[in-house]
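Down below is the structure, laid out as structure tokens.
This is a predicted model, so every value here is computed, not measured. So that the names make sense, note that chain A is the first sequence line, chain B the second, and so on, each numbered from 1.
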Protein chains: 2
Amino acid sequence: MQIQPSFRATAPQGRTTGDVSDLLSSMVPTAVTFYAPDQPIYGQGDAAGPLYLVEFGTVRICRLTADGRRQISAFHTAGEVFGFEAGIEHDSFAESVDGAGIRVLRPNCNGQPTASLLLLALRSLARTQHHLMVLGRRNAGERMAALLVDLAERQGNEPVVNLSMQRNDIADYLGITFETVSRILRTFKEQKLIRLRSISQIEILDLDTLQDMCE
Amino acid sequence: MQIQPSFRATAPQGRTTGDVSDLLSSMVPTAVTFYAPDQPIYGQGDAAGPLYLVEFGTVRICRLTADGRRQISAFHTAGEVFGFEAGIEHDSFAESVDGAGIRVLRPNCNGQPTASLLLLALRSLARTQHHLMVLGRRNAGERMAALLVDLAERQGNEPVVNLSMQRNDIADYLGITFETVSRILRTFKEQKLIRLRSISQIEILDLDTLQDMCE
DNA sequence: CGACCTGTTGATTCTGCTCAATCAACGTGG
DNA sequence: CCACGTTGATTGAGCAGAATCAACAGGTCG
């Protein structure tokens, strides 16, 4: 049986930017726009259509409950594409976390949905499903470990992880409170799993244990 | 500006089956296979590739932690397609919940990824993101309300909702324990929000209140 | 310098989990 | 037909993890 690569996504080990260059050919990119910290990129209810490519910085995808509780469904960093929507308008909103450079990708009129477009959507889906497990079945420490491992991996597994987002964002991503984030980081420190170089720099001392907590 | 329908998904109000007929043209459907309750459809680590169309019954998509905790990321019912994967193999597994009829859709060799394929993936993404909010920022009662409202809507907003899954599945879908599911249903009953016709039939008495709990 | 914002820490509360008993429904075998 | 075992659901008691409420520290910026 021959498997069609278009939706089985044969080459996941390639870097994201590799696929993006493919994507660019089917869409019309604009110049890079800078978004200051906390600046909105698109809002809930805005018309969907264009996609957004992160050039640098970090973006958060958020949703609010009626009484103001916030859930961040994803952080996006350099090379990643966001803005996918099944409906005609966005039901999440996107904001710059720390000052981000964004390239808007506008669809051109003739374009087919390329394989890479589908692949990017499927990666978002896989990531979201993984996060679903974290929120549904993991306690606060395991959630924090999952985030640290994820960030470390995205940043090339260097010993020092940069937290571009603040405690509040971390909490709303992990479905806990920012006080709990603080406490968990302290216990990790006491267990010699990490070292807090500064408020936004975490040195990973024991990656194995952190991975074991959330594999 | 012209918006490309392929990934903006212009016609979300259509029934899912309508899009599936489009999808069928680009893939090779097999005959319907019956899966008995709890029978696996595909396993974690199995090669991804084909998609699966639910003809009748309910399917659960699951993931396990190393110590055996389970998270159900989605239930799929008649007309829905599942089995999307970004990588070369499945990182979730799928099982029949209550006895389900499944049609396997095998990709043919020439096919492009059609627009409807992308649309289905984006719907899965939207659903998963919505569920992420439920798991991250909602308490047990609100989670249960969200499920009931979702099921009611899927079943055409009839007054009586059929629970094709048992308490254990509901719990693992909502990220709570089955005892809590029981307790929440009892409080809903005491609040006259629902009536328990039988163990698997719930009569919705106050849909508005349930919707308010989870909008 | 003071106001403000973010982060940390402590005290207390509470939601939901764990452990456990009980019950109802069902199937099996004597 | 009944005794028994099994499985799923309900309910209760006690506990633990995380939230809430509150105080305080450190850094930044006007």
Inset, instruction - Evaluate the criterion side chain to side chain contact (heavy atoms under 4.5 Å, CB included) for residue pair A:I102 and A:V59; output intermediate values, then yes/no. - result: CA-CA 9 Å; A:I102 306 291; A:V59 171; 3.6 Å; yes
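Side-chain contact of B:Q44 with B:R63: a donor-acceptor pair under 3.5 Å is absent, judged by distance alone.
Contact annotation for A:L185: no contact, since no heavy-atom pair falls under 4.0 Å across all strands. Using a 4.0 Å heavy-atom distance criterion, B:R183 is classed as a base contact.
Residue A:T180 has no polar side-chain atom (N or O) positioned under 4.0 Å from OP1 or OP2 of D:dA18.
Rounded to whole angstrom, the span from the CD1 atom of B:I170 across to the C1' atom of D:dT10 amounts to 14 Å. If you take CZ of A:R167 and P of D:dA19, they are 16 Å apart, rounded to a whole angstrom.
For the pair B:E203 and B:K189, the salt-bridge criterion is not met [side-chain N within less than 4.0 Å of a carboxylate O]. At a threshold of 4.0 Å, the pair B:R123-A:E85 does not count as salt-bridged, since none of the basic side-chain nitrogens sits closer than that to a carboxylate oxygen. Salt bridge present: B:R70 and B:D169 bring a charged side-chain N and a carboxylate O closer than 4.0 Å.
Between A:R186 and B:N139, the residue anchored nearer the 5' end of DNA chain C, judged by the nucleotide with its closest heavy atom, is A:R186.
In this structure B:D46 satisfies the side chain to side chain contact (heavy atoms under 4.5 Å, CB included) test together with B:Y42, B:H90, sequence neighbours excluded.
Close approach of DNA chain C to chain B, defined as any atom under 4.0 Å from a non-hydrogen atom of the protein, starts and stops at C:dG16 to C:dA20.
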